[in-house]
Peer 1: 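This structure is in structure tokens; I'll ask about it shortly.
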Amino acid sequence: MRNTAHLPSSAPRKGLAPYQHRGHEFLRQKQWSQAERELANAVRYGSREALDWIGLSIARWKLDDLDGSVAAGRKALELQPGNTTACMVLTQALIAQQRFAEAAQVFEALPAGAPRDHDFHLNYGICLLRTQRPQEAIGEFLQALQYRMDAAPTHTQLGLAFRELKLYEEAVECFRTAAALDPHHVAARAFVAHLDQFACRWTSFTANREEYLRALHEAARRCTGQGAESTPFALVAMPHSREDFLLAARLESRRLARGVKPLPARPLTAADARRRLRIGYLSCDFHQHATALLITEMFERHDRDRFEVFLYSHGVDDGSPVRERLRRAAEHFVDVAPLSPAAIARRVHDDGIDILVDLKGHTTDNRFTTLAYRPTPVQASFLGFPGTTGADYVDYFIGDRHVTPLAHADGYSEKIAQMPHCYQPNDRQRPKPVPSTRAQWGLPEQAFLFACFNQPYKIIPETFEAWMDILRDVPGSCLWLLDGGPQACTNLRAQAEARGVDPQRLIFGAPVTPAHHLSRLVHADLMLDTWPCNAHTTASDAVWAGLPIVTLPGETFASRVAASLLYTLDLPELVCADVEAYKRTAVALARDPARLAQLRSRLAHGRDHGPLFDSTRFARDIEALYARMWERRLAGQSPDHLPAA
């Protein structure tokens with residue numbers, strides 16, 4: 001006799017048809033809860049129809065039950081392995097959880113004879129791209145375009161794949177096509193300008209930047225309340241105003257929050273004022289990454305008697321020593337990589353986190369939508385994104401008096417919370433440079449060596465023009481740059497030649513491990529910073545290696561980071577007021593070895609004895625800032641600016 005204990009009490013013994021009929025009808029009407037209930041009854045009642053499991057997977061995906069959607073999608077494929085629709089609904093749920101490798105395996109398991117269309121090749125290509133297989137991804141995107149040549153998103157993805165291969169000029173043409181196909185595609189306009197910078201192709205730099213800004217402002221007029229994909233990070237290295245950046249960030253934050261319903265607010269009680277403060281940090285960079293290299297010791301120095309620290313990691317486990325240090329650094333290391341933003345938010349909410357600190361902002365692989373669910377009473381942005389998030393669901397932006405002066409508050413949607421010294425954490429445990437020679441790095445033995453290891457996209461024509469002026473004024477000197485790929489190197493050498501400078505005076509250093517990078521930095525004589533996007537982690541690497549930096553701050557966060565480091569090291573004379581002062585300072589130091597040696601000595605003293613690399617002091621300072629945020633929240637006060645104490 002059949003065991004019917006698991007069946008719904010009202011299940012008609014005559015069969016599945018009523019559940020199936022109602023379930024699929026509710027699907028057509030987009031009544032997801034009712035559809036899920038009826039189709040769940042159908043499968044519990046014994047349905048082995050792939051169509052029912054597909055419908056159940058769709059309903060659960062719409063209800064943000066991604067684990068349930070995956071389970072139903074897998075069952076549908078088990079029942080009918082060649083069903084392309086089942087493949088698509090399953091991979092859709094896996095992609096929503098950023099489980100790209102698993103989704104790629106599902107695509108690859110589909111039998112050869114199963115039908116494939118534009119969406120199949122597009123989504124498979126996205127999975128390949130996100131699992132570091134860009135060459136294969138290009139093939140899939142080209143296949144997708146055979147079905148729909150006018151699909152702007154597919155041209156965009158093709159451009160991203162070319163970008164991964166450092167084929168920036170090809171990438172730009174893809175984004176240009178996407179923008180032509182969809183005049184409202186703000187992100188494509190942004191990438192056209194941004195990728196020209198990666199290639200150091202400046203022939204239409206100003207025109208492309210202006211086109212992006214026009215598209216941005218048009219999107220703001222058109223998308224009231226809804227937001228648009230505006231790619232605010234693309235603005236970071238372009239000349240722009242704080243107003244422009246806030247606009248781009250606000251559009252992106254609204255887009256990411258679209259359709260999100262905040263979680264119920266957690267009621268606060270007297271007990272919340274007495275227990276340890278629970279701080280959660282959200283990032284995908286808890287492995288061998290620049291953010292982790294900066295912040296790990298800060299986590300290790302947190303006062304566990306007063307703070308309970310949770311690291312929510314949605315990135316890869318690379319098995320590196322940094323990853324292992326991070327696991328030990330916090331009481332709770334929570335791997336949320338398989339979870340959707342909604343599921344992460346529920347986990348954070350259930351953990352009773354008081355302050356959630358996002359370390360990604362609008363950068364690649366973020367889960368910024370998590371914050372839109374408002375899982376914690378206080379939410380802050382810190383370190384990973386060089387500017388405002390534009391989100392009304394983020395309370396504070398953590399900076400300092402140099403990168404985020406209160407006079408710049410009009411460019412932030414958040415309230416500014418200032419650290420008393422530099423906002424940037426640093427790690428005194430990083431290795432000291434291992435001895436090496438110039439010859440090992442292919443460097444001239446006697447030349448004065450200017451250096452800038454910032455990514456090539458940070459170099460704008462005005463900066464390069466200043467560098468060439470400096471090289472002309474310091475005969476025999478060379479400029480050591482990061483190798484950003486053959487297109488960038490070729491274009492930079494051509495730009496030097498066009499300005500009357502021997503292109504062989506430009507030397508390119510390949511990307512290397514952090515330890516090797518520190519070892520080679522000691523051979524540079526002076527670092528020349530970029531603007532409007534300064535060196536950030538690259539600046540801390542330089543000063544750790546004892547290399548002075550000449551910088552030019554601007555009006556945006558990204559343009560003031562190196563200045564913050566230099567003020568903290570008590571080297572204000574390296575912070576220049578304008579381009580002419582920047583050039584004069586660099587040339588004067590190159591001509592005065594004794595003064596440069598004195599600067600190096602002061603830098604070494606500030607590094608070894610000052611606050612910049614004092615992780616214990618930094619931890620106490622940021623804890624004091626958290627405490628001020630929390631005191632306001634307990635008192636029922638709205639967030640407000642927190643000037644440096």
Side-chain angles (χ1 to χ4, degrees), residues 290-291 293-301 359 382-384 386-387 397-408 416-430 432 452-454 518 521 526-577 581-582 585 589 596 598-626 642-645:
T291 296
L293 296 177
L294 291 175
I295 204 170
T296 299
E297 192 174 17
M298 186 200 86
F299 294 145
E300 293 170 336
R301 302 297 179 185
L359 299 174
F382 176 49
L383 188 62
F397 186 95
I398 298 174
D400 61 48
R401 69 190 78 198
H402 300 298
V403 290
T404 52
L406 294 184
H408 291 183
I416 291 172
Q418 293 178 338
M419 292 286 285
H421 303 290
C422 182
Y423 84 100
Q424 187 189 80
N426 273 287
D427 189 343
R428 197 182 289 277
Q429 297 183 42
R430 71 172 71 188
K432 288 290 179 71
C452 182
F453 276 90
N454 289 348
L518 290 174
L521 275 177
L526 185 65
M527 178 171 170
L528 300 177
D529 199 11
T530 50
W531 71 83
C533 186
N534 292 169
H536 295 180
T537 305
T538 308
S540 67
D541 288 340
V543 297
W544 182 252
L547 178 62
I549 307 167
V550 178
T551 192
L552 174 58
E555 294 299 304
T556 62
F557 180 101
S559 70
R560 303 174 71 84
V561 171
S564 178
L565 270 69
L566 291 168
Y567 282 125
T568 306
L569 289 163
D570 195 24
L571 294 170
E573 62 266 50
L574 296 178
V575 180
C576 303
Y582 175 97
T585 301
L589 287 172
L596 185 58
Q598 181 195 43
L599 274 174
R600 282 182 173 273
S601 177
R602 287 171 54 200
L603 189 160
H605 183 272
R607 177 195 64 195
D608 295 339
H609 302 287
L612 186 62
F613 290 93
D614 188 340
S615 296
T616 300
R617 181 190 294 192
F618 190 95
R620 296 296 85 78
D621 288 341
I622 202 166
E623 288 167 357
L625 209 51
Y626 292 153
L642 302 177

Peer 1: Would you call the rings of Phe382 and Tyr423 parallel, tilted or perpendicular, taking 30° and 60° as the class edges?
Peer 2: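 Ring orientation of Phe382 relative to Tyr423: perpendicular.
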Peer 1: In sequence, state the C-alpha distance, the side-chain angles, and the governing distance for Asp614 and His421, and then conclude on side-chain contact (heavy atoms from CB on, under 4.5 Å).
Peer 2: CA-CA 11 Å; Asp614 188 340; His421 303 290; over 6 Å; no
Peer 1: If we only count heavy atoms from C-beta on, is the Val575 to Pro553 side-chain gap below 4.5 Å?
Peer 2: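 The answer is yes, as the side chains (C-beta and beyond) meet within the 4.5 Å cut-off.
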Peer 1: Would you say that Pro548 contacts Met527 through its side chain, given a criterion of any heavy-atom pair below 4.5 Å between the two side chains?
Peer 2: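 When only atoms from C-beta onward are counted, Met527 and Pro548 do not touch, as no gap falls below 4.5 Å.
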Peer 1: How long is the straight-line distance from SG of Cys422 back to CG of Asp621, given to the nearest 0.5 Å?
Peer 2: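 The SG atom of Cys422 is 11.5 Å from CG of Asp621, to the nearest 0.5 Å.
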Peer 1: When you compare the side chain of Leu625 with that of Met419, does any pair of heavy atoms fall below 4.5 Å?
Peer 2: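 Contact flag for Met419/Leu625 side chains = yes.
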Peer 1: Using a 4.5 Å cut-off on heavy atoms from C-beta on, say whether the side chain of Ile416 contacts that of Leu642.
Peer 2: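 Sidechains of Ile416 and Leu642: no contact.
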Peer 1: Give me the atom names and distance for the closest heavy-atom approach of Ala645 to Arg401.
Peer 2: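 Ala645 and Arg401 have their closest heavy atoms at O-NH2, 4.3 Å.
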Peer 1: How close do Tyr626 and Ile398 get, heavy atom to heavy atom, and via which atoms?
Peer 2: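 Looks like CE2-CD1, 4.0 Å.
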Peer 1: Apply the test side-chain contact (heavy atoms from CB on, under 4.5 Å) to residues Leu528 and Tyr582: give CA-CA distance (whole Å), side-chain angles for both, the deciding distance (0.1 Å), then the verdict.
Peer 2: CA-CA 9 Å; Leu528 300 177; Tyr582 175 97; 3.4 Å; yes
Peer 1: Can you tell me if Thr296 uses its side chain to pair, donor with acceptor, with the backbone of Leu293 under 3.5 Å?
Peer 2: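 No, Thr296 side chain to Leu293 backbone: no donor-acceptor pair under 3.5 Å.
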Peer 1: How many angstroms lie between CG in Leu574 and CG in Leu589, if you round to the nearest 0.5 Å?
Peer 2: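 Leu574 CG to Leu589 CG: 6.5 Å, rounded to 0.5 Å.
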Peer 1: Assess the pair Phe557 and Phe397: is the distance between their ring centroids shorter than 6.0 Å?
Peer 2: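 Ring centres of Phe397 and Phe557 closer than 6.0 Å.
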Peer 1: Give, for atom CG of Asp608 and atom CZ of Phe613, the distance between the pair rounded to the nearest 0.5 Å.
Peer 2: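 Reported value, rounded in 0.5 Å steps: 9.0 Å.
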Peer 1: If every non-hydrogen atom of Phe299 is compared with every non-hydrogen atom of Leu359, which pair is closest and at what distance?
Peer 2: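 Nearest heavy atoms, Phe299 then Leu359: CZ-CD1, 4.3 Å.
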Peer 1: Just by distance, do the side chain of His536 and the backbone of Ala558 share a donor-acceptor pair under 3.5 Å?
Peer 2: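 Side chain of His536 to backbone of Ala558, a donor-acceptor pair under 3.5 Å: yes, one is there.
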Peer 1: Do Arg607 and Val543 come within less than 4.5 Å of each other through their side chains, counting heavy atoms only?
Peer 2: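 Contact flag for Arg607/Val543 side chains = no.
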Peer 1: Looking only at non-hydrogen atoms, find the nearest pair between Leu603 and Gly546 and report the distance.
Peer 2: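 Answer, listing the atom of Leu603 first, then Gly546: CD2-CA, 3.8 Å.
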Peer 1: Answer whether the closest heavy-atom distance between the side chains of Arg301 and Arg617 falls below 4.5 Å.
Peer 2: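 Arg301 does not reach Arg617 side chain to side chain.
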Peer 1: Heavy atoms only: give me the nearest Cys576-Val550 pair and the separation to one decimal.
Peer 2: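 Heavy-atom minimum between the residues: SG-CG1, 3.7 Å.
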Peer 1: Can you tell me how far the CG atom of Leu569 sits from the CG atom of Leu612, to the nearest 0.5 Å?
Peer 2: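 The CG atom of Leu612 is 5.0 Å from CG of Leu569, to the nearest 0.5 Å.
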Peer 1: Rounded to the nearest 0.5 Å, how far apart are CG of Asp400 and OG1 of Thr568?
Peer 2: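 The CG atom of Asp400 sits 6.5 Å away from the OG1 atom of Thr568.
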Peer 1: Does a side-chain heavy-atom distance below 4.5 Å link Trp544 with Lys432?
Peer 2: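 Yes, at least one pair of side-chain atoms sits under 4.5 Å.
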Peer 1: Only counting residues at least two apart or in another chain, list the ones meeting side chain to side chain donor-acceptor pair (under 3.5 Å) with Asp427.
Peer 2: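 Listed in chain order: Arg325.
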Peer 1: With distance as the sole criterion, is a donor-acceptor pair present between the side chains of Ser540 and Thr537 under 3.5 Å?
Peer 2: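 Their side chains do not contain a donor-acceptor pair, so the 3.5 Å distance test is not met.
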Peer 1: Is the shortest side-chain heavy-atom distance between Ser615 and Met298 below 4.5 Å?
Peer 2: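 The answer is no, as the side chains (C-beta and beyond) never meet within the 4.5 Å cut-off.
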Peer 1: Short question: side chain of Ser559, backbone of Thr556 - any donor-acceptor pair under 3.5 Å?
Peer 2: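 Side chain of Ser559 to backbone of Thr556, a donor-acceptor pair under 3.5 Å: yes, one is there.
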Peer 1: Side chains of Asn454 and Thr530 only: does a donor on one sit below 3.5 Å from an acceptor on the other?
Peer 2: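 Per modelled atom types, Asn454 and Thr530 side chains form a pair under 3.5 Å.
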Peer 1: Is a side-chain N or O of Glu297 found less than 3.5 angstrom from the main chain of Arg428, in a donor-acceptor match?
Peer 2: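 Such a contact is found between Glu297 side chain and Arg428 backbone.
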Peer 1: Rounded to the nearest 0.5 Å, how far apart are CG of Asn534 and CG of Asp529?
Peer 2: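 Rounded to the nearest 0.5 Å, the CG-CG separation comes out at 4.0 Å.
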Peer 1: If I compare all heavy atoms of Arg602 with all of Asp570, which pair ends up nearest, and what's the gap?
Peer 2: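 Nearest pair, atom of Arg602 first, then Asp570: NH2-O, 2.8 Å.
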Peer 1: Would you say Gln418's side chain and Thr404's backbone share a donor-acceptor pair under 3.5 angstrom?
Peer 2: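 Present.
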